[in-house]
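If you read the sequence from its start, that first residue is 1, and numbering goes on from there. Since we're looking at a predicted model, the values are computed, not measured.
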Amino acid sequence: MKTRITELFGIEHPIIQGGMHYVGFAEMAAAVSNAGGLGIITGLTQRTPDDLAKEIARCREMTDKPFGVNLTFLPMVNTPDYPGYIKAIIEGGVKAVETAGNNPAKWLPVLKDAGIKVIHKCTSVRHSLKAESIGCDAVSVDGFECGGHPGEDDVPNFILLPRAAEELTIPFVASGGVANGKQLVAALAMGADGINMGTRFIATVEAPVHDNVKQAILAASELDTRLVMRPLRNTERVLNNAAVERLLAKEKALGADIKFEDIIEEVAGVYPKIMTEGTMEAGAWSCGMVVGLIHDIPTCKALIDGIMAEADAIITGRLARFAA
């Protein structure tokens with residue numbers, strides 16, 4: 001299948017694996033890229049630019065296909081060495097970068113000069129238009145269903161995607177709540193040129209996370225996620241657990257007076273404990289409503305091949321019959 005996204009990134013299938021903290025290691029990115037999608041290494045999971053350079057080199061040993069790096073720009077007490085990370089990306093020969101968080105305009109010139117294609121993650125049409133205006137090559141449009149940070153507008157993809165199609169001229173992918181070929185076809189019908197999947201890729205053989213994480217995803221339904229940090233206007237969709245229930249109780253009790261320090265136990269430093277050690281009650285971790293559509297743990301190749309086969313069957317079969 002050829003779309004503007006497959007042409008832009010030089011990939012076989014219009015499927016991107018989004019950046020995920022303590023999931024997007026070389027093993028994950030290489031498996032997705034080898035299966036014909038665009039695998040993504042999560043830059044800030046690597047503690048230093050030198051660590052990222054080594055991770056990029058590891059990925060090169062596992063695949064000769066295109067892969068990218070995610071860089072999330074967020075206000076932090078200890079600001080990451082972004083120039084160093086970007087230097088590692090450029091010197092590593094990476095040609096695709098997924099940006100997220102704050103406006104990446106400051107970093108675009110050096111990335112573009114290196115011939116790198118930039119796709120920015122956006123949760124609204126206005127942010128997508130801003131990304132287009134500053135020179136991003138594509139956007140990943142994140143609907144309210146997504147795991148992680150859905151923004152504060154609460155617009156689901158059935159509305160957000162066709163709205164993006166009305167306004168944008170650059171290609172975009174549908175992100176949030178995507179797991180199968182039916183949804184790829186739906187995304188294409190609504191104007192997207194591909195899909196971005198996060199949670200679905202965690203439940204794969206190659207995902208370098210503890211099996212407890214994969215089993216938690218299999219056991220969950222679409223009713224098992226919660227929105228946390230809404231009072232702080234830093235909303236995150238997470239899988240429900242005891243820590244999340246404590247966090248929500250604090251939000252209810254403290255109301256508008258809540259500060260980040262009040263919930264730090266439930267959100268700070270929890271990813272290594274969950275993703276690596278499998279301590280599932282350690283804190284809140286990003287997870288999408290799409291868990292309701294995840295029923296197995298395939299290889300990345302089996303997953304992507306299955307999505308493409310299902311999409312092709314729908315386009316050439318069911319939809320073709322309607323047209324006839």
Side-chain angles (χ1 to χ4, degrees), residues 17-32 39-52 54-56 58-59 62 69-72 74 76-78 80 85 100 146-149 179 197-221 224-229 234 236-250 260-292 294-300 303:
Q17 165 247 316
M20 294 174 283
H21 203 32
Y22 277 85
V23 180
F25 293 101
E27 293 87 351
M28 182 86 265
V32 173
I40 302 284
I41 293 170
T42 307
L44 295 188
T45 296
Q46 303 301 318
R47 292 182 177 273
T48 68
D50 185 55
D51 289 338
L52 177 58
K54 291 174 182 174
E55 197 70 7
I56 290 169
R58 279 210 316 129
C59 198
M62 300 178 201
V69 172
N70 165 280
L71 272 183
T72 300
L74 293 173
M76 300 181 187
V77 176
N78 299 309
Y85 283 105
C146 73
H149 299 279
M197 301 193 302
T199 304
R200 171 68 268 201
F201 275 122
I202 302 177
T204 57
V205 171
E206 296 94 341
V209 301
H210 197 284
D211 189 58
N212 289 354
V213 179
K214 301 178 187 183
Q215 296 305 320
I217 289 172
L218 287 189
S221 83
D224 290 325
T225 68
R226 298 291 183 269
L227 296 171
V228 299
M229 296 192 286
N234 187 31
E236 182 178 5
R237 185 178 296 282
V238 300
L239 192 67
N240 195 27
N241 61 26
V244 170
E245 293 289 350
R246 286 199 310 273
L247 196 164
L248 290 170
K250 289 179 182 180
F260 181 75
E261 292 74 17
D262 297 318
I263 59 170
I264 196 165
E265 180 185 344
E266 286 79 26
V267 298
V270 302
Y271 275 82
K273 296 174 187 174
I274 293 166
M275 296 298 176
T276 305
E277 300 169 19
T279 309
M280 301 311 298
E281 306 295 317
W285 59 283
S286 295
C287 185
M289 296 175 82
V290 73
V291 288
I294 299 174
H295 311 299
D296 59 355
I297 303 174
T299 64
C300 287
L303 174 62

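Proximity of N241 to L239: side-chain heavy atoms (C-beta onward) are nowhere separated by under 4.5 Å. Here the side chains of Q46 and P80 are not in contact, with every heavy-atom distance at 4.5 Å or above. Under the 4.5 Å side-chain criterion, counting only non-hydrogen atoms from C-beta, W285 is in contact with V213. Side-chain contact between V209 and Y22 is absent, with no heavy atoms from C-beta onward closer than 4.5 Å.
With sequence neighbours excluded, the residues that form a side-chain contact (heavy atoms from CB on, under 4.5 Å) with P49 are D81, Y85. With sequence neighbours left out, the side-chain contact (heavy atoms from CB on, under 4.5 Å) criterion links T204 to M28, F201, E206, A207, C300, L303. In this structure, the side-chain contact (heavy atoms from CB on, under 4.5 Å) partners of A26, at least two apart in sequence or on a different chain, are E55, R58, C59, M62. Qualifying salt bridge (charged side-chain N to carboxylate O under 4.0 Å, His left out) partners for D211, counting only residues two or more places apart in sequence or in other chains: none. Scanning for salt bridge (charged side-chain N to carboxylate O under 4.0 Å, His left out) contacts around D262 gives an empty result, with sequence neighbours left out.
To the nearest 0.5 Å, atoms CG (N70) and CD1 (I40) are separated by 7.0 Å. Taking NZ of K214 as the reference point, atom CG of N212 lies at 11.0 Å (rounded to 0.5 Å). Here N234 contributes atom CG and I263 contributes atom CD1; the two are 8.0 Å apart, rounded to the nearest 0.5 Å. From M229, atom CE reaches atom CG of L248 across 11.0 Å, with rounding to the nearest 0.5 Å. Residue I297 holds its CD1 atom at 4.5 Å from CG of L218, rounded to the nearest 0.5 Å. Atom CZ in R226 sits 4.0 Å away from atom CG in N240 (nearest 0.5 Å).
Under the 3.5 Å distance criterion, the side-chain polar atoms of T199 are matched with a main-chain donor or acceptor of G288. Side-chain N or O atoms of T42 include one that pairs as donor or acceptor with a backbone N or O of M20 at under 3.5 Å.
In terms of heavy atoms, V238 sits closest to A284 at CG1-CB, 4.0 Å. Contact detail for A203 and P298: the closest heavy-atom pair is O-CD, 3.4 Å. The nearest pair of heavy atoms linking V270 to E265 is CG1-O, 4.3 Å.
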Side-chain donor-acceptor contacts of residues 271-282 below 3.5 Å, not counting sequence neighbours, with atom names and distances?
{"from": "Y271", "atom 1": "OH", "to": "S286", "atom 2": "N", "distance (Å)": "2.9"}
{"from": "Y271", "atom 1": "OH", "to": "S286", "atom 2": "OG", "distance (Å)": "3.1"}
{"from": "E281", "atom 1": "OE1", "to": "A242", "atom 2": "N", "distance (Å)": "2.8"}

Worksheet item: Between R237 and D224, is a salt bridge (Lys or Arg N to Asp or Glu O under 4.0 Å) present by the stated rule, with each step listed?
Response: CA-CA 10 Å; R237 185 178 296 282; D224 290 325; over 6 Å; no
